[in-house]
Enquirer: 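First the structure, which I've put down as structure tokens, then a few questions once you've had a look.
Small disclaimer: the values here were computed from a predicted structure and weren't measured.
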Amino acid sequence: MSTSNILRGTLILTVGTMLSRVLGLVYIFPFHAMVGNDGGALYSYAYVLYSVFLSIATLGVPLAVSKFVAKYNALGEYSVGRKLFRSGIMVMSITGVVSFLTLFLLAPYLSPLIIEEGKHTYEDITFVVRMVSVALLVVPIMSLIRGFFQGYESMGPTAISQVVEQLVRIVFLLGSLYFILEVLNGDMTLAIGFATFAAFIGAIGGLVILVWYWYRRKKNLDSMLEKDPETVDLSYKDMYKELISYAMPFVFVGLAMPLYQLIDTFSFNDAMVLAGFTATYADTAFGIINNYGQKLIMIPITLATAFALSLLPAITKSFINGQHQSLQKQLSVTLQILLFLTVPACIGLSLLGGPAYAAFFSYDPIGGQLLTWYAPTAIPLAIFTVTASVLQGINRQKYTVVGLAIGLLLKLVLNYPLILLMGAEGSIVATAIGYTASVAINLWAIKKFTDFDYSMVLRRGFLMILFNIVMIGAVLVALYFLEGFVPYSEGRLQAIIVVAVSGLVGAGLYFFLSYRSNLLMYLFGNRFSFLNRKVRG
């Protein structure tokens, strides 16, 4: 396939993924308006467990199958990929059924490990977990089909099915919430149960699109089989051994956030009650951190990592071809762009925690305080995501697994004592420490295997720190004056004004300093020519 078609496919998949993520963010605002913090916590308990079981059930299949199929297609051995597809459908069906039954049957036993009965009972948790578990019957199969199409460098089916899946899920979720709560005056547990069941309905929508694509393209795919020399005869054992070797790193990276949330799911409420907080407060704080706060911090992560990850194909190519200087430059620019975009966005969100939470959801002192603490954790999370992808590109993904394991161990060990010491904020600090440790391992591995020189990143990073300090001062001054005239606690409009004005002041000053210092030119000049300035010799 030509380079232009590959780039076109990558663009389609990137746009589809971004649109799917945006939809996944937007729905949370009407969701919060209907169910509040209590419903958000109940939803989070179910979804965290579902995310972990889903990652295990799919086993990193989409990217692993894509890599496997692409490899043998390049050799002209199309029948090998088709053999994997046929058997994979059966394997994914089995893993889906097993994971569904496991989560469905374990739900009553997991519930007492999650909460102390208060606003929510064990039966409530069991019900919502069982409702979301049904999606496990469909999503693994859908993942395999997406990976198969991507192996043919056909990104449209994946992109469109992702968007349709998200749209169908959101429409069913919000529609069922409104019908149960507003029309039937039903209870919250029933409404949240159907909200989690929306994952299954969305998956059906995405699967329908993929099946349609399959029948539409089957004739062309079959014609490729006729050209197959059939010189490679892989046994099922060898085929799946190779597939698993591709899949394992993707499994662990995909499990990163769900596993951190899983540790909170089984320890947060218990530790909070032991620290002297009520079960109701613990429930509310859990929902804010793992549902609403998590959605907000994904905004800077998504934007920054999308920009940085766009450089990774070039990094992989330079590494494979032994182009050391080119690799150094690409790695340096990638990390600088990541820091340039992520750090001020996360610091800004932290400074504006109170008004930002009020603007997106509703005024809540607890929500604002926890968002202020939680936003900076997005910095190590974004760096972990990008550095893990770099290690994947240079075929050193096992160090990502080691780093993640160390980070999770630190989270597990520190979560209880830090919550006892600091309350809900202790959980956030434990998460930040865990991700920072993982990032340190990743950066060390990149240095070891590429001989990367971090000096330019550190020099430019120091300049960014200075600009961020100036930005922090400007935002704090703007907040000080605005709060006297526009108290954000009195309504969403006031909160939006405070966030917009303070954010524009901070961002405007940050980008102005970056422009005047030529930092913007060095980072983005090759993409946006208007940023190029004459540098005085």
Side-chain angles (χ1 to χ4, degrees), residues 23-24 26-54 99-139 165-205 261-262 265-266 268-269 278-292 294-295 361-362 364 367:
L23 289 170
V26 170
Y27 90 90
I28 204 71
F29 308 131
F31 175 83
H32 178 272
M34 284 191 273
V35 305
N37 289 333
D38 293 336
L42 190 57
Y43 184 86
S44 297
Y45 294 136
Y47 239 84
V48 169
L49 291 173
Y50 165 71
S51 298
V52 173
F53 274 78
L54 177 61
S99 59
F100 157 68
L101 288 174
T102 303
L103 184 55
F104 188 91
L105 295 174
L106 284 179
Y109 304 100
L110 295 174
S111 299
L113 302 176
I114 295 173
I115 62 164
E116 294 286 338
E117 285 193 307
K119 279 192 175 181
H120 302 304
T121 65
Y122 299 150
E123 288 76 18
D124 293 340
I125 305 294
T126 299
F127 175 69
V128 295
V129 169
R130 283 180 164 175
M131 288 291 278
V132 76
S133 67
V134 183
L136 294 168
L137 294 170
V138 179
V139 178
E165 178 190 6
Q166 193 74 284
L167 276 173
V168 172
R169 184 180 77 88
I170 290 169
V171 169
F172 183 86
L173 184 152
L174 296 178
S176 62
L177 282 178
Y178 180 82
F179 185 73
I180 292 170
L181 295 175
E182 303 296 331
V183 178
L184 299 180
N185 291 317
D187 69 15
M188 183 65 72
T189 300
L190 180 65
I192 296 299
F194 274 87
T196 60
F197 186 71
F200 171 74
I201 302 299
I204 293 294
Q261 292 179 315
L262 188 68
T265 301
F266 288 119
F268 184 87
N269 288 54
T278 64
T280 300
Y281 179 86
D283 194 61
T284 298
F286 179 88
I288 290 171
I289 294 172
N290 288 288
N291 193 16
Y292 301 129
Q294 189 259 345
K295 293 291 184 183
F361 303 115
S362 61
D364 186 340

Enquirer: Going by heavy atoms in the side chains, are Lys295 and Tyr27 under 4.5 Å from each other?
Expert: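 Result yes, sub-4.5 Å side-chain heavy-atom pair found.
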
Enquirer: Under 4.5 Å between any side-chain heavy atoms of Leu49 and Ile114, yes or no?
Expert: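 Heavy-atom side-chain distance check passes, below 4.5 Å.
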
Enquirer: Only one of Asp283, Thr196, Asp124 forms a side-chain hydrogen bond (donor to acceptor under 3.5 Å, both in side chains) with Tyr45, so which one is it?
Expert: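 Testing each of Asp283, Thr196, Asp124 against Tyr45, the sole residue satisfying side-chain hydrogen bond (donor to acceptor under 3.5 Å, both in side chains) is Asp283.
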
Enquirer: Output, in order, the C-alpha distance, side-chain angles, deciding distance and verdict of side chain to side chain contact (heavy atoms under 4.5 Å, CB included) for Ile204 and Val168.
Expert: CA-CA 9 Å; Ile204 293 294; Val168 172; over 6 Å; no

Enquirer: Which pair of heavy atoms, one from Met188 and one from Met34, lies closest together, and at what distance?
Expert: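 For Met188 and Met34, the tightest heavy-atom pair comes out as CE-O, 4.4 Å.
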
Enquirer: On a heavy-atom basis, which atom in Gly39 and which in Ile192 lie closest, and how many Å separate them?
Expert: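 Residues Gly39 and Ile192, closest heavy atoms: O-CD1, 3.6 Å.
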
Enquirer: Measuring only between side-chain heavy atoms, which start at C-beta, is Gln261 closer than 4.5 Å to Ile289?
Expert: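 Side-chain contact under 4.5 Å: no.
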
Enquirer: Enter the distance from Thr126:OG1 to Phe104:CZ here, rounded to the nearest 0.5 Å.
Expert: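 Thr126 atom OG1 to Phe104 atom CZ measures 10.0 Å (nearest 0.5 Å).
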
Enquirer: Would you say the ring centroid of Phe53 lies under 6.0 angstrom from that of Tyr50?
Expert: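 That pair fails the under 6.0 Å test.
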
Enquirer: Which heavy atom of Gly40 sits nearest to which heavy atom of Phe31, and what is that distance?
Expert: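 Where Gly40 meets Phe31 most closely, the heavy atoms are CA-CE2, 4.1 Å.
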
Enquirer: Can you tell me how far CD1 of Ile28 sits from CD1 of Ile170, rounded to the nearest 0.5 angstrom?
Expert: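 Output value for this atom pair is 9.5 Å.
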
Enquirer: Output the distance between atom OG (Ser99) and atom CG (Leu136), rounded to the nearest 0.5 Å.
Expert: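 CG of Leu136 is found 4.0 Å from OG of Ser99.
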
Enquirer: With a 6.0 Å cut-off (strictly less than), is the heavy-atom count around CZ of Phe29, excluding the residue itself, greater than 12?
Expert: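 Yes - once you tally the heavy atoms of other residues, nucleotides and ligands closer than 6.0 Å, there are more than 12.
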
Enquirer: Heavy atoms, side chains only, cut-off 4.5 Å: are Ile288 and Asp364 in contact?
Expert: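 Touching, per the 4.5 Å side-chain cut-off.
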
Enquirer: What is the minimum heavy-atom distance between Tyr122 and Pro112, and which atoms define it?
Expert: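 Closest heavy-atom pair between Tyr122 and Pro112: CE2-CA, 3.5 Å.
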
Enquirer: Roughly how far, to the nearest 0.5 Å, is the CG atom of Leu174 from the CZ atom of Arg169?
Expert: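 Going from the CZ atom of Arg169 to the CG atom of Leu174 covers 9.0 Å.
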
Enquirer: For His32 and Ser362, work out which heavy atoms get closest and say how close.
Expert: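 Closest approach of His32 to Ser362: CE1-OG, 3.3 Å.
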
Enquirer: Take Phe127 and Leu190 through the test side chain to side chain contact (heavy atoms under 4.5 Å, CB included) and record every step on the way to the result.
Expert: CA-CA 8 Å; Phe127 175 69; Leu190 180 65; 4.1 Å; yes

Enquirer: Does the pair Phe172 and Phe194 meet the rule for a side chain to side chain contact (heavy atoms under 4.5 Å, CB included), with working shown?
Expert: CA-CA 8 Å; Phe172 183 86; Phe194 274 87; 4.1 Å; yes

Enquirer: Enter the distance from Asn291:CG to Tyr47:OH here, rounded to the nearest 0.5 Å.
Expert: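 Rounded to the nearest 0.5 Å, the CG-OH separation comes to 10.5 Å.
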
Enquirer: Does any non-hydrogen side-chain atom of Phe266 lie less than 4.5 Å from one of Leu110?
Expert: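 Yes. Closest side-chain heavy atoms under 4.5 Å.
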
Enquirer: Give a yes or no on whether the backbone of Asp38 and the side-chain of His120 come within a donor-acceptor separation of less than 3.5 Å.
Expert: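 Flag set: sc His120 to bb Asp38 pair under 3.5 Å.
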
Enquirer: Give the intermediate values and the outcome of side chain to side chain contact (heavy atoms under 4.5 Å, CB included) for residues Leu181 and Val35.
Expert: CA-CA 9 Å; Leu181 295 175; Val35 305; 4.1 Å; yes

Enquirer: How long is the span from the OG atom in Ser111 to the CG atom in Leu106, to the nearest 0.5 Å?
Expert: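 Between atom OG of Ser111 and atom CG of Leu106 there are 10.0 Å.
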
Enquirer: Side-chain contact test, heavy atoms from C-beta onward, threshold under 4.5 Å: evaluate it for Tyr292 versus Asn37 and give yes or no.
Expert: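 Yes; the side chains approach each other to less than 4.5 Å.
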
Enquirer: Taking all non-hydrogen atoms of both residues into account, name the closest pair between Ala107 and Arg130 and its distance.
Expert: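 Shortest heavy-atom contact: CB-CG, 3.9 Å.
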
Enquirer: Measuring only between side-chain heavy atoms, which start at C-beta, is Phe286 closer than 4.5 Å to Thr265?
Expert: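 SC-SC contact between Phe286 and Thr265 confirmed.
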
